[in-house]
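Have a look at the structure below, then the notes.
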Amino acid sequence: MSKLICDATSSKTIFEIRDYLFEKLKPIINDNRTIVFICIGTDRSTGDSLGPLVGYKLKCLIRKNIILYGDLENPVHAKNLHQTLNEINSLYDNPYIIAIDACLGNLQNVGKVILDQKPLFPGLAVNKDLPAVGDLSITGIVNISGNFEFMVLQNTRLFTVMTLADTISKGIYHFAIKAIGGRNNSIGKVLGNL
């Protein structure tokens with residue numbers, strides 16, 4: 001399956017994310033390629049803060065061949081995305097990039113996580129012309145799409161974004177433990193009870 005869609009409130013979702021990533025990334029790990037997580041968004045907009053929140057929760061995850069860009073302190077957003085991609089491509093040989101971002105969708109899909117083996121297009125909801133990012137994408141549907149997307153993102157419930165961020169970050173954390181091992185005790189403090 002190239003795409004996984006799951007509900008962030010389900011207790012199974014963390015393990016579905018873990019297993020999906022493990023299946024898709026095992027050949028990448030076996031080839032000793034660097035995996036780069038790019039958490040896209042800004043903490044200046046509730047609806048667009050999913051990426052930085054995931055990055056914040058995973059900032060202690062760095063392991064052999066796992067790199068993280070974007071968190072609350074140093075977000076990756078429209079103004080520095082090109083620079084970040086250039087830096088990644090200059091520092092790492094043939095990196096496998098996983099892009100994480102918020103998106104808008106249908107009412108029945110709010111709170112869902114989508115993992116797909118294709119890039120994402122950040123800023124699409126607010127008509128920004130940014131490059132496609134990622135070999136694999138993880139998106140969290142934070143609110144409904146329609147008119148005035150900028151206002152919708154500004155008025156998104158933090159609870160929805162935090163639920164998505166918790167689920168995505170825990171799924172990635174458990175993937176890293178399963179794929180690479182070597183529990184880092186400081187990660188548990190950031191993520192809370194696992």
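Crowding of I144 atom CD1: a count of heavy atoms from other residues, nucleotides or ligands under 6.0 Å not exceeding 12.
By the side-chain hydrogen bond (donor to acceptor under 3.5 Å, both in side chains) test, D101 is found to be paired with no residue, residues two or more places apart in sequence or in another chain being considered. D19 is linked by a side-chain hydrogen bond (donor to acceptor under 3.5 Å, both in side chains) to K178, counting only residues two or more places apart in sequence or in another chain. Remark: N65 pairs with N32 by the side-chain hydrogen bond (donor to acceptor under 3.5 Å, both in side chains) rule, at least two apart or across chains. Qualifying side-chain contact (heavy atoms from CB on, under 4.5 Å) partners for Q117, counting only residues two or more places apart in sequence or in other chains: S2, Y20, K24, Y96, L136. With sequence neighbours left out, R33 forms a side-chain hydrogen bond (donor to acceptor under 3.5 Å, both in side chains) with N94.
Under the 3.5 Å distance criterion, the side-chain polar atoms of S10 are left unmatched by any main-chain donor or acceptor of D7. With T46 contributing its side chain and L158 its backbone, the two residues share no donor-acceptor pair below 3.5 Å. Listed for the T167 side chain is a donor-acceptor partner under 3.5 Å among the backbone atoms of A8.
With rounding to the nearest 0.5 angstrom, the OG atom of S49 is 7.5 Å from the CG atom of L72. One distance of note links CG of L115 with OG1 of T139; it measures 7.5 Å at 0.5 Å rounding. Of the inter-residue distances, the one linking I67 atom CD1 with I97 atom CD1 reads 11.5 Å to the nearest 0.5 angstrom. Between the CE atom in M162 and the OG1 atom in T160 there is a gap of 11.5 Å [rounded to 0.5 Å]. Of the inter-residue distances, the one linking L4 atom CG with L21 atom CG reads 9.0 Å to the nearest 0.5 angstrom.
There is a path of hydrophobic side-chain contacts, each under 4.5 Å, that joins F37 to I168. In the hydrophobic clustering of this structure, V110 does not group with L104; members are Ile, Leu, Val, Met, Phe, Trp, Tyr whose side-chain heavy atoms approach within less than 4.5 Å, directly or through other members.
Among pairs with a residue in residues 72-86, none fulfils side chain to side chain donor-acceptor pair (under 3.5 Å), at least two apart in sequence or across chains.
A 4.5 Å side-chain heavy-atom check between I88 and I38 finds at least one atom pair inside the cut-off.
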